[in-house]
Every structure is written in structure tokens, then in C-alpha cells.
Amino acid sequence: MSDLKSQTVSDAVENIIKRAETELPDDVIVALKNATTSEDNPTAKAQLSAILENIKIANSRTIPMCQDTGILVFFVEIGRQVCIDFDLDAAIIQGVRKATLSVPLRPNAVDPLTRKNSGDNTGDGLPDINYSFVDGDAIKITVAPKGAGSENMSALRMLKPTQIDMIKQFIVETVLNSGGMPCPPIVVGVGIGGSFDKSARSAKRALLRDLDHMDEYEQMILDAINSLGIGPMGLGGRTTALAVHVEKAYCHTASLPVAVNIQCWGNRHASVILRAEDD
């Protein structure tokens, strides 16, 4: 007997997609307001004020804050005490299909070669669902819509183990080369170590952390990025990035993969925790 029902999951997924598309987490809004205060460039201030007004309108009218509603990336933490006797993938996909109509979402999912659009933001490999197991009796589902503007500016490099000193340079150069295209002020997720694919996954997961928690290493990279002067929307200013978050993983002794996943100012994500009593 299942502790959870498929319908409960699909309804919850539809709901968190709507929240992610129409509301930003408080830490992101606070970071944008702080950036407005610290900027003395009138153009930068105007851009940040427009961004905050855009967020306010999206929230009050329950409409997406960006025309690019992205592709849907999910991180699902499954409690080891949870019993599931239905197709969890199918329930999440059903939630995406419902949200595509109800939010609504722009249909962004296409075949990579034919470019045929599925029309409902699903398809082979989409939505991108990542599972992990944790202690407890609940399922936590987090959705992170990822738009193409920032995703296209992301990069991965397989450095040599002797090139640890080049990590910061690679990150800063990636941001410099992207200029205003990813809609700054950005959030920079970095994955160091693991394998080729794990470093990219770590970089994306790093974007989910609260913006106001950075260690000394992350702050050093953030300061270097903000010294570039790219500024809000690439029009100049002190605030090119709001935060840099680094996730590390052990790697092969002969490898040093480093991935940089860039997120625009709309650091969209929302979560839900489901238990049996939520049915």
C-alpha cells in the first residue's frame, strides 16, 4: 500500500511550478534590493528597479516573471521510510503537463535534431528529474525552471590536476565572455570535481542554496566577478553577480573537472514536502 498517491504528487508539482514561475525566494529579492542600494550608477539602479517591479507585477497577477519559462529541472529527495507503489516519474511528468496549461508555460521542449516541439514541456529526457535518498518519511520535490539565456552561457572544462590555480580564472572568464547575455545580476553555480557529468550536476544544484550563505572562497570569486563592471543587464555597474556557490566532489587523481552554471537574476525555484497525511 502506498503512503502517497500519484495524484497528490502531480498536483503538488503543478503547484510548485506555478510558485517558481511567479514568485522568487525571499533571499533573491533581498539580494536584488541590497544591490539597488549599493549601486551609484543611475542606469544600474534603473535596471534593478525595473527587475524588482517586474517581480512585484508577476507576483500580484500570478503570471510568469519571464517570457522564457524554461525547461523543468527537478531534484527529488526520497525518505527511506516512504513507500511508493506508483510511477513517480509519470506523476511528475503529469504535473508538468498540467502546469503547461494552467500557469501557463511556454512550450520549450523540442527534439534536439528535428526541433519538433512536444507542446507540453516533456519529451525524451525531459523534464530532467534527479533522485536521491535521505533519512525520513517524506518526499521533498524541488523544481528549478532553467531558461536558455543563462544556460547557454554556462561552460565546463576538464582541467589538469596541476591547474587548481586556474579554477578562479576559468569561472571569471566564463562570466566575462557571457557579458550581458544571461541577464545579470546573475547567480553563479560552480561544480568542482566528480566526473565530467557530475561536476555539471553539482553546479546546477549549487544554484538552489540561499544567496546569503557564502564562504571565503566563494566571496573571493564573487568579488572578482563584480570587479568586471558588467553590471545589471550588462549596462555597467557594481553588481554583475549576486552570489557564487561552489559544490565539490572527490574526483579521479588524473582529473579536475570544473563546471560553471549561470543563472539569471530570476533564480527561480520552489519546493514541496509530501507525507502520507498530505493525501
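All figures in this text were calculated on a predicted structure; none of them were measured in a lab. The first residue in the sequence is number 1, and the count goes up from there.
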Does some side-chain heavy atom of [Y] sit less than 4.5 Å from a side-chain heavy atom of [X]?
X    : Y    : result
F196 : P257 : no
D40  : R238 : yes
L126 : L72  : no
P185 : I51  : yes
I141 : V9   : yes
T69  : P145 : no
L222 : V188 : no
W265 : M233 : yes

Which heavy atom in [X] sits nearest to a heavy atom in [Y], and how many Å separate them?
X    : Y    : answer
G231 : T240 : N-OG1, 3.0 Å
N117 : A109 : OD1-O, 3.1 Å
A203 : G191 : CB-N, 3.4 Å
A243 : M214 : CA-SD, 3.8 Å
S178 : P182 : O-CD, 3.4 Å
K146 : K204 : CG-NZ, 3.8 Å

Where the side chain of [X] meets the backbone of [Y], is there a donor-acceptor pair that is under 3.5 Å apart?
X    : Y    : result
D120 : V96  : no
T22  : A58  : no
K18  : V103 : no
D210 : H213 : no
D137 : V82  : no
N261 : L207 : no
Q263 : G266 : yes

Query raised in the report: Between E14 and Q94, does a side-chain contact (heavy atoms from CB on, under 4.5 Å) hold up when you go through it step by step?
Result: CA-CA 8 Å; E14 180 186 14; Q94 180 61 18; over 6 Å; no
Partner residues of [X] under the salt bridge (charged side-chain N to carboxylate O under 4.0 Å, His left out) criterion, sequence neighbours left out:
X    : result
E39  : none
R115 : none
K198 : none
E247 : R209

Query raised in the report: Does atom NZ of K98 have more than 12 heavy-atom neighbours, drawn from other residues, nucleotides or ligands, at distances under 6.0 Å?
Result: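 Above 12, so yes.
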Query raised in the report: Hey, is CG on D124 packed in by over 12 heavy atoms from elsewhere, all under 6.0 Å?
Result: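 Incorrect, the count does not exceed 12.
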Can you tell me how far [atom2] of [Y] sits from [atom1] of [X], rounded to the nearest 0.5 angstrom?
X    : Y    : atom1 : atom2 : result
S6   : I92  : OG    : CD1   : 9.5 Å
K33  : L52  : NZ    : CG    : 7.0 Å
M181 : I262 : CE    : CD1   : 9.5 Å
T100 : I17  : OG1   : CD1   : 7.0 Å
L242 : C264 : CG    : SG    : 10.0 Å
I71  : N108 : CD1   : CG    : 8.5 Å

Requested in this report: Among residues two or more places apart or on two chains, list those pairs meeting side-chain hydrogen bond (donor to acceptor under 3.5 Å, both in side chains) that have a residue in residues 184-195.
Outcome: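 Qualifying pairs: S195-D197.
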Report task. Hey, could you give me each pair passing side-chain hydrogen bond (donor to acceptor under 3.5 Å, both in side chains) that has a residue in residues 221-233? Not counting sequence neighbours. Result ->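 Those involving residues 221-233 are Q219-D223.
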Requested in this report: With sequence neighbours excluded, tell me which residues meet side chain to side chain contact (heavy atoms under 4.5 Å, CB included) with T37.
Outcome: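 Partners of T37 under the side chain to side chain contact (heavy atoms under 4.5 Å, CB included) test: none.
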Requested in this report: Would you please name every residue forming a side chain to side chain contact (heavy atoms under 4.5 Å, CB included) with F133, sequence neighbours left out?
Outcome: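 Side chain to side chain contact (heavy atoms under 4.5 Å, CB included) list for F133, sorted by chain: I78, R80.
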Requested in this report: Give the C-alpha distance, both sets of side-chain angles, the deciding distance and a yes or no for side-chain contact (heavy atoms from CB on, under 4.5 Å) between I186 and V175.
Outcome: CA-CA 9 Å; I186 58 176; V175 174; 3.9 Å; yes
Requested in this report: With side-chain contact (heavy atoms from CB on, under 4.5 Å) as the test, would you mind laying out the steps for S10 and Q7 before giving the verdict?
Outcome: CA-CA 5 Å; S10 64; Q7 184 70 41; 3.9 Å; yes
Requested in this report: Apply side-chain contact (heavy atoms from CB on, under 4.5 Å) to I192 and Y217, showing your working.
Outcome: CA-CA 13 Å; I192 302 175; Y217 183 68; 4.2 Å; yes
Requested in this report: Please list all pairs passing the salt bridge (Lys or Arg N to Asp or Glu O under 4.0 Å) test where one or both residues lie in residues 57-78, with sequence neighbours left out.
Outcome: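 Of all non-adjacent pairs touching residues 57-78, those that pass salt bridge (Lys or Arg N to Asp or Glu O under 4.0 Å) are D68-R106.
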Under 3.5 Å, which donor-acceptor pairs do the side chains of residues 23-32 form with other protein atoms, sequence neighbours left out?
| residue | atom | partner | partner atom | Å |
| --- | --- | --- | --- | --- |
| D27 | OD2 | L211 | N | 2.8 |

Requested in this report: Give a yes or no on whether a salt bridge exists between R201 and D128, defined as a side-chain N under 4.0 angstrom from a carboxylate O.
Outcome: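 Yes, R201 and D128 are salt-bridged.
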**Report entry** Hydrophobic cluster partners of I93 (side-chain heavy atoms under 4.5 Å)
**Finding:**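 Other cluster members: none.
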Kindly list each side-chain donor-acceptor pair under 3.5 angstrom involving residues 157-170, sequence neighbours excluded, with atom names and distances?
| residue | atom | partner | partner atom | Å |
| --- | --- | --- | --- | --- |
| Q163 | OE1 | K160 | N | 2.7 |
| Q169 | NE2 | E173 | OE2 | 3.0 |

